[in-house]
Amino acid sequence: MINIKVFLEAAPVAVRDALDQDTVDYLNGLIEEDPNPATLRDAAEPFLVDAGMSDADIDAIFTKLSIQDDDDDPAGGAKGKASNVQVKPVLLPQAAASKPTDPPPSASTFIPAQAPKASGPGSQPEAKKKPAGTKQPSASTSASATMRRPVVQAFSQQSRFHTETLVTMSKEIDLKGVNVIVDSRELIVDARLWLKTGYHYGMIGRNGTGKSTLLSVIGDGSLVGFPENIRTLYIQQLDILDVDTTVIDSVLAADEQREKRITDVRSIEAAIKSPDALHEALEKYISRLVSEKLATAQKTATLRSGKRGRIAREAALKMEKTIVSDIRTELYHGGKTDGDVASSVLDTLYSELDQIDAHSAEARARTILDGLDISEEQQNGPVSALSGGWRMRVALAKAMFVEPDILLLDECTNHLDLAAIAWLQNYLVSLEDITIVCVSHDHDFLNAISQEIIRLKDGQLTYHPGNYDEYEQTEDEFRKKKERQFAALERRREHVKKSIENFTKHARATNDSKVLNQAASRKKKLDRLAGLDKTEDGKRFKVSYWAGFHDTLRPELKLERAEKGVDFSLPQPETLRNSGPLVMLDGVSFGYSGQPNLTLKDIDLSIMMGDHISIIGLNGCGKSTLINIIQGNLVPTKGNVERHARLRIGYYTQHFVDELSTESLSGLKVLLNANDGVKESEARKWLGSFELSGDLATRPVHTLSGGQRARMAMALMLFSNPHLLLLDEVTNHLDMYAVQGLITAINEYEGTVILVSHDRHFLRETADYSYLLQDGRFTQLDGGVDEYVESIGMDF
């Protein structure tokens, strides 16, 4: 059995000395979870390389560990042989340089050779590089540690039928056997991806189940089997638009086919006068053609099975060997020079650009931006200068410019204010010919835009007609129906059991064989009562409907329990001696230096113990500024702020989760480092109360999903047992179940909570008092968030 001691003994002394205690603890946790030498190698190799070991030395260590592991396991020899003959799955485009994990046994695979690189008189040899995606995150305390990018494999069911692997003009998606694997973790297993043309879908599921990963593999084209003729656009969380490129360039770049050809044209035209530069530009053009052709051949070979699959794999392998020479022969035939080839290539590129109407692209993009009320000044300025709502308009301008068949939205309401959400909601509803798949935690938003709900649970996708409220109602009715059926079935089973007991008792007393036969007949009937006599669609059950081998005569009737919200543990604050206000603001005004107008003007607010207050307003109106003044991070320009002497404040910022996305330490380490004297068992128990137990507590924080990082941030903030919680956009990144759990926890919390959020359902359920911050003034809303919604004309 491999443990950390055996591993360290197998390593050279110099290497053992080079590994610090944090690294050893990290490796020890991995070994305890999975002592498989192959898994351990993936985790330990980066540390051993950093310690100065060569590849040969590393191979020797893990060969020794594998032999020891086989010797400890009675079936080790067979196990070792089986693992040696496994083949790797086809490399996907975004992971072509990564080391993939072993596929499930059902996956048909082939091993593509290393993609050949264009070479020639002007090309330079590249230095040896480590493959991307194989570096494990460092366990040191350095924030700049290298972070490993997960290896994602996504593929659908293979087919030996010709028609099922053809590209058709249909815009409907119906893929069976969809699998998504991240590293060695299976997120989606043999699911059906079914998207009807023009339907608007809301996707729900717990954090970490793979919703964002599924959208990303569809959006970037790496899902093997996804139709090539379907145009998709994936709009993920708004941070990706925080760039310095201009708005117009950002929209134009959305058309990847146009962008590739424009880049090739500019590169070749700029190098016409320099032979070396021209040759290099042509090499880049050849390299692009090679990559595209190989990717297409590999996808085709992976999708097809049987004889057609074998032919496709042979063609792909042959292409890998000859593709570069074939393209060179085609371009340089007849003794053409680089100048001749450049002229021919430019003619081809110009023709392709004309076919896609590339020359009118900028005018079309500006027309779209004008239609979204984005001014010419904003169009020529950087995207980073825009607020969240305007960035979302830029993202949607990209969608309109590309004219996708499927629009994929991942938490698109994050960082948007209520007015921006209203605009986005109405706009999406108006898109009738575009299929939309939207992941969102906003209850009201999902209700407004969804025609059907997709639920991702236990690796499967299920489809439910209607919006989110209708989904919940239908699921609740279905659960109650199942409970009634289960109760009725149990009553029938109990009745049959009692009759069997009575018959058996009577037969023993009278020695009557007929009664024994009746008892045996009743036992057969009891076996049939393991499940229902009718199927879900009302048909009478037949054994032929139930394929395979089973222990019972009927499928067992299983009760599906309602999804529980995350059980957030908000520690109740200790009682303060003084019964006065926790924080008092008296005539507070604030203005930033260099700005002529005040952000806050003459604000009076008394915050008492137990108050649940929401602050509502547009982005940029000063909500976060007010929160920082309450906490003490900012000093008011005018007025006074008084705080209770023993007051403890917990502050959850909008960007807390984003900061954790670069954290290489585990959540357990972060918590222990921030709180001296805390026992590890106590810290583990605390994280477990936020559903961050086991592997989630010991993994590097940056490898967690957005919702899991949000719960981690909440756990770190609440550990000090604060009296006052300042929650700034706390629902961002959380799933529906986590939001519901947070609502329950806040309502049970006896301390004070100040909320800044644009989630209407969340504010409606948690806030006792609502205030509007507008033009620097602070006014109370007697009707809460719904009063504000009506004032800005949000029609649901």
Side-chain angles (χ1 to χ4, degrees), residues 233-256 258-259 262-263 361-402 407 409-428 590-600 615-628 633-634 653-659 661-662 706 728-729 732-733 756-758 773-776 792:
L233 183 67
Y234 175 40
I235 300 177
Q236 51 186 325
Q237 298 176 21
L238 292 178
D239 301 326
I240 63 166
L241 292 176
D242 191 10
V243 294
D244 292 328
T245 56
T246 63
V247 169
I248 186 65
D249 288 341
S250 177
V251 174
L252 292 173
D255 189 342
E256 295 181 358
R258 173 187 176 276
E259 198 68 12
I262 289 290
T263 300
E362 183 170 346
R364 188 158 52 89
R366 290 191 181 276
T367 300
I368 292 171
L369 291 169
D370 288 338
L372 296 175
D373 294 329
I374 299 176
S375 66
E376 185 175 353
E377 181 181 355
Q378 290 174 316
Q379 293 176 25
N380 297 324
V383 177
S384 56
L386 302 178
S387 66
W390 287 103
R391 289 185 199 176
M392 177 50 65
R393 294 195 183 205
V394 174
L396 290 170
K398 296 168 71 172
M400 296 169 68
F401 178 71
V402 174
L407 180 60
L409 303 171
D410 189 2
E411 294 292 1
C412 55
T413 60
N414 280 1
H415 310 302
L416 298 187
D417 56 38
L418 284 173
I421 292 174
W423 179 89
L424 175 62
Q425 176 179 296
N426 293 331
Y427 176 76
L428 293 179
F590 182 85
Y592 289 98
S593 60
Q595 293 186 359
N597 299 323
L598 292 175
T599 304
L600 305 175
I615 301 175
I616 301 169
L618 299 178
N619 284 344
C621 70
K623 300 186 297 295
S624 296
T625 300
L626 179 59
I627 291 292
N628 277 288
N633 291 340
L634 294 176
T653 70
Q654 293 186 53
H655 305 293
F656 201 173
V657 176
D658 299 329
E659 293 169 4
S661 65
T662 59
D728 191 353
E729 296 294 357
N732 285 359
H733 308 286
V756 174
S757 176
H758 301 122
L773 185 56
Q774 190 173 28
D775 299 327
I792 61 174

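On a predicted model such as this, the values are computed, not experimentally measured, just so you know. Values below: all heavy atoms of this structure, side chains included; hydrogens, waters and symmetry mates excluded.
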side-chain contact (heavy atoms from CB on, under 4.5 Å) evaluation trace for L773 with L600: CA-CA 9 Å; L773 185 56; L600 305 175; 3.8 Å; yes
Decide yes or no on side-chain contact (heavy atoms from CB on, under 4.5 Å) for V383 and R391, but give the supporting numbers first. CA-CA 7 Å; V383 177; R391 289 185 199 176; 4.2 Å; yes
Would you please test L233 and L407 for side-chain contact (heavy atoms from CB on, under 4.5 Å) and show each step? CA-CA 5 Å; L233 183 67; L407 180 60; 4.3 Å; yes
Worked check of side-chain contact (heavy atoms from CB on, under 4.5 Å) between S624 and D728: CA-CA 7 Å; S624 296; D728 191 353; 2.9 Å; yes
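In this structure, CG in L598 is found 12.5 Å from CG in D775, a value given to the nearest 0.5 Å. Considering NZ of K623 and NE2 of H758, their distance stands at 4.0 Å, rounded to 0.5 Å. Note that CD1 of I421 and CG of N426 are 12.0 Å apart. Values are rounded to the nearest 0.5 Å. Here I368 contributes atom CD1 and M400 contributes atom CE; the two are 5.5 Å apart, rounded to the nearest 0.5 Å. To the nearest 0.5 Å, the span separating CZ on R258 from CZ on F401 amounts to 5.5 Å. Here the straight-line distance linking atom CG of L396 with atom CG of L428 works out to 6.0 Å at 0.5 Å rounding.
Under the 3.5 Å distance criterion, the side-chain polar atoms of E411 are left unmatched by any main-chain donor or acceptor of N732.
Contact of the L409 side chain with the I235 side chain is registered, since non-hydrogen atoms from C-beta on lie closer than 4.5 Å. In this structure, the side chains of K398 and S250 come closer than 4.5 Å at one or more pairs of heavy atoms.
For L618, the side-chain contact (heavy atoms from CB on, under 4.5 Å) partners are D417, A419, Y788, not counting sequence neighbours. Considering only residues two or more places apart in sequence or on other chains, F590 meets the ring-ring contact (aromatic ring centres under 6.0 Å, His included) condition with Y592. Shown here are the salt bridge (Lys or Arg N to Asp or Glu O under 4.0 Å) partners of E362, two or more places apart in sequence or in another chain: R366.
More than 12 heavy atoms of other shown residues, nucleotides or ligands fall within 6.0 angstrom of atom CD in Q595.
Considering all non-hydrogen atoms of both residues, A365 and I248 come closest at CB-CD1, 3.7 Å.
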